[in-house]
Amino acid sequence: MKKALLFLSLSSFALANTLNIAAAANISYPLNELKQKFEKLHPDIKLNVNTGASGSFNAQIKNGANYDVFLSANMEFAKDLEELTKNQAITYAKGKLILFSAKKKPNLDDLKTASCIAIANPNTAPYGKAAKEVLNQIPNSSNIITATNISATLLQATKACDYAFVAASSVEQIKELGFSDENILKIDDKLYEPILQGMIITSKEKNAKVFYDFILSPDAKEIFNKYGYE
């Protein structure tokens, strides 16, 4: 009997396929919930998720990194892989930008006298690019430091900087750190170009399409909306 159970267990493990997902750091929080929902709906497919800066993943995939689906923080990095992958990029969510301060109630006027403003690298992180667009409209805002991705940007504001521009999806993490809505300012989306987040299949793995379809499903949309995406 024990041998039979062991055989069944090993067989189930062998049948489980694993998809490698490259995802923008701003969707780390919804991604935990998305992963749980997907693996519940598709118990024969497991997800191996890596999060980071979209520009870095774009470069890695061009250099042969083994990812099956790329969830970028913008459309440009996803569309840039269409010729390489022979697949079409599609928008899966629209992101929002917020201003966070661990020390005070955020105000855009205060950025003119801030000693340190953290943003993600605008060359590799679309939320950093959006933050730069906002700062360009605020005279005398300077003392800007750049972090590698949106998660590292938030960390800067909890330790050193007065302010950080981060994704609205970071609100959950901010509250887990003990802060409240008083520490957050939602940025008027007229101040920056829309952050359209793009997805593309980057391998020939057949189950990649199963995950791709799930991300576009009503179940996934409900989770994205919960974390501040449109």
### side-chain contact (heavy atoms from CB on, under 4.5 Å) between Leu71 and Ile21, intermediate numbers included
CA-CA 8 Å; Leu71 296 166; Ile21 310 298; 4.0 Å; yes
Ser54 side chain vs Ala73 backbone, donor-acceptor pair below 3.5 Å:
yes
Any donor-acceptor pair under 3.5 Å linking the side-chain atoms of Asn48 with those of Thr18? no
Legend entry - Side-chain donor or acceptor of Thr51 paired with backbone N/O of Ala24 under 3.5 Å: no
- Query: Take atom NZ in Lys96; do more than 12 heavy atoms of anything else shown fall under 6.0 Å from it?
  - Reply: yes
- Can you tell me if Asn207 uses its side chain to pair, donor with acceptor, with the backbone of Val210 under 3.5 Å? no
Scanning both residues in full, the closest heavy-atom pair of Leu111 with Ile117 reads O-CD1, 3.7 Å
Problem set entry | Met199 reachable from Met75 in the ILVMFWY side-chain graph, under 4.5 Å edges | no
Side chains of Asn74 and Ser72: donor-acceptor distance under 3.5 Å anywhere? yes
Side-chain donor/acceptor of Tyr192 to backbone N/O of Leu97, under 3.5 Å
yes
Handout entry: Expected output: side-chain Gln88 to main-chain Ile200 donor-acceptor under 3.5 Å
Key = no
In this structure, CD1 of Ile61 is separated from CG of Leu84 (nearest 0.5 Å) by 8.5 Å
Residues Leu216 and Thr91: closest non-hydrogen pair is CD2-O, 4.1 Å
- Message: Test of understanding: clusters of I, L, V, M, F, W, Y form through side-chain heavy atoms closer than 4.5 Å, transitively. Do Tyr127 and Ile98 belong to the same one?
- Response: yes
Nearest heavy-atom approach of Glu182 to Pro106 is O-CD, 3.3 Å
Close side-chain approach of Asn107 to Leu185, heavy-atom, < 4.5 Å: no
Between the CD1 atom in Ile223 and the CD atom in Glu33, the distance rounded to the nearest 0.5 Å is 4.5 Å
With a 3.5 Å cut-off and sequence neighbours excluded, list the donor-acceptor pairs that the side chains of residues 168-176 form with protein atoms.
from   : atom 1 : to     : atom 2 : distance (Å)
Ser169 : OG     : Asn26  : O      : 2.4
Ser169 : OG     : Tyr229 : OH     : 3.0
Ser170 : OG     : Ala167 : O      : 3.1
Lys175 : NZ     : Asp181 : OD1    : 2.9
Glu176 : OE1    : Tyr29  : OH     : 2.8

Candidate pair Phe57 and Tyr67, rule ring pair (Phe, Tyr, Trp, His ring centres under 6.0 Å), full reasoning
CA-CA 9 Å; Phe57 281 130; Tyr67 291 114; 5.5 Å; yes
Taking every heavy atom of Asn149 against every heavy atom of Ala53, the minimum-distance pair comes out as CB-N, 4.2 Å
Residues at least two apart in sequence or cross-chain that pass side chain to side chain contact (heavy atoms under 4.5 Å, CB included) with Lys35, listed by chain then number, are Glu39, Leu47, Val49
### Donor-acceptor pair, side chain of Asp162 and main chain of Ala114, under 3.5 angstrom
no
Side-chain donor or acceptor of Gln137 paired with backbone N/O of Leu191 under 3.5 Å:
yes
One should read off an interatomic distance between Lys204 NZ and Thr85 OG1, to the nearest 0.5 angstrom, of 8.5 Å
Please check: side-chain N/O of Asn58 versus main-chain N/O of Phe77, any donor-acceptor pairing under 3.5 Å?
yes
Do side-chain atoms of Lys86 reach the backbone of Glu83 as a donor and acceptor pair under 3.5 angstrom?
yes
Count the heavy atoms of every other residue, nucleotide or ligand shown that sit under 6.0 Å from NZ of Lys206, and state whether that count exceeds 12. no
Quick note, ring pair (Phe, Tyr, Trp, His ring centres under 6.0 Å) partners involving residues 86-126, not counting sequence neighbours, are Tyr92-Phe224, Phe100-Phe179
Next item on the list: Give a yes or no answer on whether the side chain of Asn63 reaches the backbone of Gln60 with a donor-acceptor pair at less than 3.5 Å.
Entry: no
- Item | Val69 side chain reached by Leu19 side chain, heavy atoms, under 4.5 Å | no
